[in-house]
Each structure stands twice: as C-alpha cells, then as structure tokens.
Amino acid sequence: MKHYRVVIIGGGLAGCSAALHVSRRGAKVALLERGRCGAQASGVNFGGVRQQGRHLAEMPLARRSRSIWGGLRELVGSDCEFVASGHLKLACSVKEMAELEAYRATAKDYGLDLELVGPKAIRDRYPYLGEAILGGSICHEDGQANPRLVAPAFARAARRCGADIFENAPVINAWHDGRRFVVDVGRECLAADKLINTAGAWGSRVASWFGDHVDEDVMAPNMCVTEPLPFFMKPALGVCGGSIYLRQTLHGSVVFGSGLGIADRDRLRARPLPAVIEEGARKAIQLVPRLKNALLVRTWTGIEGRMADGLPVVGRSLNVEGLFHAFGFTGHGFQLGPAVGAVLSEYALDGDSTTDVTGLSINRMVHGHVHQHISCPLHHTA
Ligand SMILES: Cc1cc2nc3c(=O)[nH]c(=O)nc-3n(C[C@H](O)[C@H](O)[C@H](O)COP(=O)(O)OP(=O)(O)OC[C@H]3O[C@@H](n4cnc5c(N)ncnc54)[C@H](O)[C@@H]3O)c2cc1C
C-alpha cells in the first residue's frame, strides 16, 4: 500500500490549495478527486472574491486568503483573472446605511478598510445604479476572478511541487486502523499519517465515516450571465440582505446571482429554476436599469454544502487525531479557499495553524444540532 504523509479527499479549491501548500513544504501528499479538479462548486460559482460582509468568525481566513489572491501569479503561474475591482455593497434605506457603518467599524479591527459612499457620491461615481439606492460601502481590495481557472491552476501547481493528484478517483471509504489512515479508492488503498477532508457538499459524509456526525444541507445559488456589453461597471455589486449580486467580467458579460435553484447531491445534478431566474433578472434591472435590453445567454447553478449557522466547518476532527475537515462553505468558499488550504496544511504538518479558525470548529455542532448560534446581520452568499 503506497504511504503518504497526507492524503486529501476532494479536489475543489480547498483541497487543491491544501495539496499545493503541503507539497510546497516537501511532504508527500496525494489528492483524490471523484471527477475533475474544480468541477463542482469551485468551478461554477459567481466568482466573487469578497471580504466585505464576511462573518467575523471567517475574517482571519478571509484576510489571509486575500493576500494569497494578490500573489496568485507567483504561486500558481496564473492570476486566474483575479482583479481587485472592488466590492460595492448597496443600501436602500437609512437603516441599511447604519448597518454598513456599524460593520465598517468592526471590520477595521481586522485590518479591513471600507469606504462609505453617501447619496451624492454614489450617483456621481456609479451613475448606472437604479434610483432606489441611497448609498453604499466599498471595499477597494475585494474583487472577482474566473472560477473555471482557479482550482485546476492550484492542482497543476501542486503537481509541479510533487503532489500526486488523482482525478476520477472516488473514495469509497476511509478509516484509521490504529496506526495510520487507510483510504479505499476501489481498485487500491492508500495509507496516510494525516487525512484532510475537503469533500465540499459531501464533506459531512466523509466526516461521518469517523464518527463526526453533523448535518450539512445543500444549496444551489441561481446564476445568470448576459451577452458581452461595453464595459461600464468596475466593482462587483451586492446589496444589504444579499438578494442580488452582480459583476461585469473582463470580457464584458454581466454575471448575476439571485435566489436558489435545486440540487441533488446523490445524482450530482443541480439546476436553476425559471421563476427564480425571472425574479433575479427583475432585481438586476432594478439595480442596474441599463441591463433591461441585455440578452441572457446562460443560467446555471452548482452543489454547495450549507451549514445551519451559515458558517463552514474548518479544523480538527472531534473523534480522530490527525483528521482535519473543511466543508460546508455555504456560499463563501471561493474567496476563502486559498487560505483554507494553507491552514489545513499547517494543521496536518505542524499540528496547529497561525490563522484563528476557532469559530469554525466542528465542536459547535454536535449530533447534527447547532448548539452555539453565531449571527451576523450582513452575512450572505457570494
Ligand atoms: C453557484 C455558486 C455560486 C457561488 N458563489 C460564490 C462566490 O461568489 N464567492 C465565494 O466565495 N463562494 C461562492 N460559492 C461557494 C464556493 O464556490 C464554494 O464554497 C467552494 O467552491 C467550495 O470549495 P470546496 O473545495 O470546499 O468544495 P467543491 O468545489 O465542491 O469540491 C469538493 C470536491 O470533493 C469531491 N468529492 C466529494 N466526495 C468525494 C469522494 N468520496 N471521493 C473523492 N472526491 C470527492 C467532489 O467531486 C468535489 O470536486 C458559490 C457556490 C455556488 C455553487
């Protein structure tokens, strides 16, 4: 049986980043991906690289991730179309402006600078916005990237550093035999000192093989994209409450997300819903009226793990030493993914991480019930 220092189950962005960070330290690592790296949520998401509005328990990860996003070209050989175009969160009422102001003050403690934009400046700077907008908060260092490119780029970089990346390699079962982890891929088994579970919406199933039982639901954010339009919109847009979010790609297409489609995790299928698309288009036009003549060319969704309190599980197993989980990202794992891999590599190789992820521990959920509810008013998808 081939023996590795670390085996990783799941080749989304979290797993591919973990493989890269482990292999960069010279440790022998294998990543096992059921299909192709980045083919699930990591490859089909909205592409928002947003720290603004993150729950404070995620903020240390989000901050670390942002510094990795800025150095992608050096790290993986491509910038994956990451641009710090800014993220503008919009308010339609005085109450929402007050929420943005309160969040700005708190985010400052984490080193995140947000600029509040009042009623006059919002019209002057973003003349394409609809009338209902009163103001907003912009995070200049947030931005967007092309999700299709990112996880595969991390996987290729990991391979160059010596990682064994196995695609079309579904893990059927895994266990600890008292000395090491044994990972069953059907045709063979691999052995490992440490095991990382980055199986996305299937992460809780892998966790349950080791007695770590938590409820993980699925969600399928509804996405649409227009034909390419002349470039007019630099920052990605969101609104308080998160009911609509938009960005214009470098090629001119406007991508927007709103509401949820449906996902079947067992059959690996997800689809957007027509009524949700229609409602999303209505909201997009309300926010950016010039979209009313744009042609919608495609809609899609993906299969994303969702935890009851809206926060992912990141950290040590409850039951088995040497096992580390990162799953259930509830719409936030694209921005967080690069740092998640770095943190997992530290857990696996050093026993601890320099980034504080205590608020994301699996301990907060036992027997499938959230027993410590963490709430944040500005917390939503993408
Ligand atoms: C439509 C949509 C829009 C989103 N928009 C944003 C956004 O704008 N910004 C943001 O930050 N986040 C966004 N997200 C969330 C983000 O995409 C995810 O949180 C993130 O990609 C999760 O990465 P992951 O590596 O944990 O999971 P995944 O990308 O799902 O990867 C998990 C992998 O594990 C594999 N796997 C599972 N079980 C096994 C097994 N037994 N054996 C082998 N392999 C296995 C799967 O095949 C899969 O490839 C969005 C998600 C969706 C679906």
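We count residues from 1, following the sequence as given. Whatever order the structure lists them in is the order used to number ligands and atoms, beginning at 1.
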* Distance under 6.0 Å and angle within 45° of ring axis: R316 vs Y347 -> no

* **Numbered atoms of ligand 1 (with element) below 4.0 Å of P170, judged on heavy atoms** => 42 (N), 43 (C)

* Between F46 and ligand 1, is there a nitrogen or oxygen pair with a distance under 3.5 Å? -> yes

* N/O to N/O below 3.5 Å, does that happen between Q335 and ligand 1? -> yes

* Following the transitive rule for hydrophobic clusters with a side-chain heavy-atom cut-off under 4.5 Å over Ile, Leu, Val, Met, Phe, Trp and Tyr, establish whether I138 and F232 coincide in one cluster. => yes

* Structure fact -> Note: H332, heavy atoms under 4.0 Å from ligand 1, region reported as backbone

* To do: Any atoms of ligand 1 less than 4.0 Å from a non-hydrogen atom of G47? List them with their elements.
  => 8 (O)

* For atom 40 (C) of ligand 1, which candidate among V218, V255, V171 provides the closest heavy atom? -> V171

* Asked: Under 4.0 angstrom from ligand 1, any heavy atom of R54?
  -> yes

* L32: numbered ligand 1 atoms lying under 4.0 Å from its heavy atoms -> 43 (C), 44 (N)

* **Check: S65/Q335 side-chain N/O donor and acceptor closer than 3.5 Å** => no

* Answer with side chain, backbone, both or neither: which part of T330 has a heavy atom less than 4.0 angstrom from an atom of ligand 1? => neither

* Show your working on side chain to side chain contact (heavy atoms under 4.5 Å, CB included) between R54 and Y110 and close with a plain yes or no. => CA-CA 11 Å; R54 288 277 168 249; Y110 293 80; over 6 Å; no

* Hphob cluster co-occupancy, V206 + I196, side-chain heavy atoms under 4.5 angstrom -> no

* **Per-atom contacts of ligand 1 with L13, taking only distances under 4.0 Å to non-hydrogen atoms** => 25 (O)

* Judging by distance only, is a nitrogen or oxygen of P221 under 3.5 angstrom from one on ligand 1? -> no

* Indicate whether any N or O donor in one side chain lies under 3.5 Å from an N or O acceptor in the other, for T354 and E346. => yes

* Asked: What about V214 and W209, same hydrophobic cluster or not, with Ile/Leu/Val/Met/Phe/Trp/Tyr joined at side-chain heavy-atom distances under 4.5 Å?
  -> no

* Same hydrophobic cluster for I303 and I9, using side-chain heavy-atom links shorter than 4.5 Å among ILVMFWY? -> no

* Under 3.5 Å: N/O of E304 near N/O of ligand 1 -> yes

* To do: Looking only at distances, please establish whether an N/O atom of ligand 1 is found under 3.5 Å from an N/O atom of G302.
  => no

* Asked: Of the listed options (N197, L268, T198), which comes nearest to atom 32 (C) of ligand 1 when hydrogens are ignored and any heavy atom counts?
  -> T198

* To do: Give me the ring orientation class for F82 and W69: parallel if the planes are under 30° apart, tilted from 30 to 60°, perpendicular past 60°.
  => tilted

* Pick, from N45, V183, I8, the option with the minimum heavy-atom distance to atom 50 (C) of ligand 1. => N45

* Asked: Got an N/O contact under 3.5 Å between S42 and ligand 1?
  -> yes

* Could you tell me whether ligand 1 has any atom less than 4.0 Å away from a heavy atom of G331? => yes

* **Any N or O of I303 closer than 3.5 Å to N or O of ligand 1** => no

* Asked: For W300 and ligand 1, does the shortest N/O to N/O distance drop below 3.5 Å?
  -> no

* N222 side chain vs G261 backbone, donor-acceptor pair below 3.5 Å -> yes

* Do other residues, nucleotides or ligands put more than 12 heavy atoms under 6.0 Å from E115 CD? -> yes

* To do: Consider only side-chain heavy atoms of I, L, V, M, F, W and Y, link residues closer than 4.5 Å, and tell whether V343 and V6 are in one cluster.
  => yes

* Structure fact -> Here the gap from N168 atom CG to R34 atom CZ, rounded to the nearest 0.5 Å, amounts to 11.0 Å

* Asked: Is the backbone N or O of S204 less than 3.5 Å from a side-chain atom of E216, with the two atoms forming a donor-acceptor pair by type?
  -> yes

* **Location of contacts on M223 toward ligand 1, heavy atoms closer than 4.0 Å** => side chain

* Does an N or O from A326, backbone or side chain, lie closer than 3.5 Å to an N or O of ligand 1? -> no

* Residue A169 vicinity, atoms of ligand 1 by number, heavy atom under 4.0 Å -> 43 (C)

* Asked: Would you say ligand 1 has an N or O under 3.5 Å from any N or O of G48?
  -> yes

* For V44, the ligand 1 atoms whose distance to one of its heavy atoms is below 4.0 Å -> 1 (C)

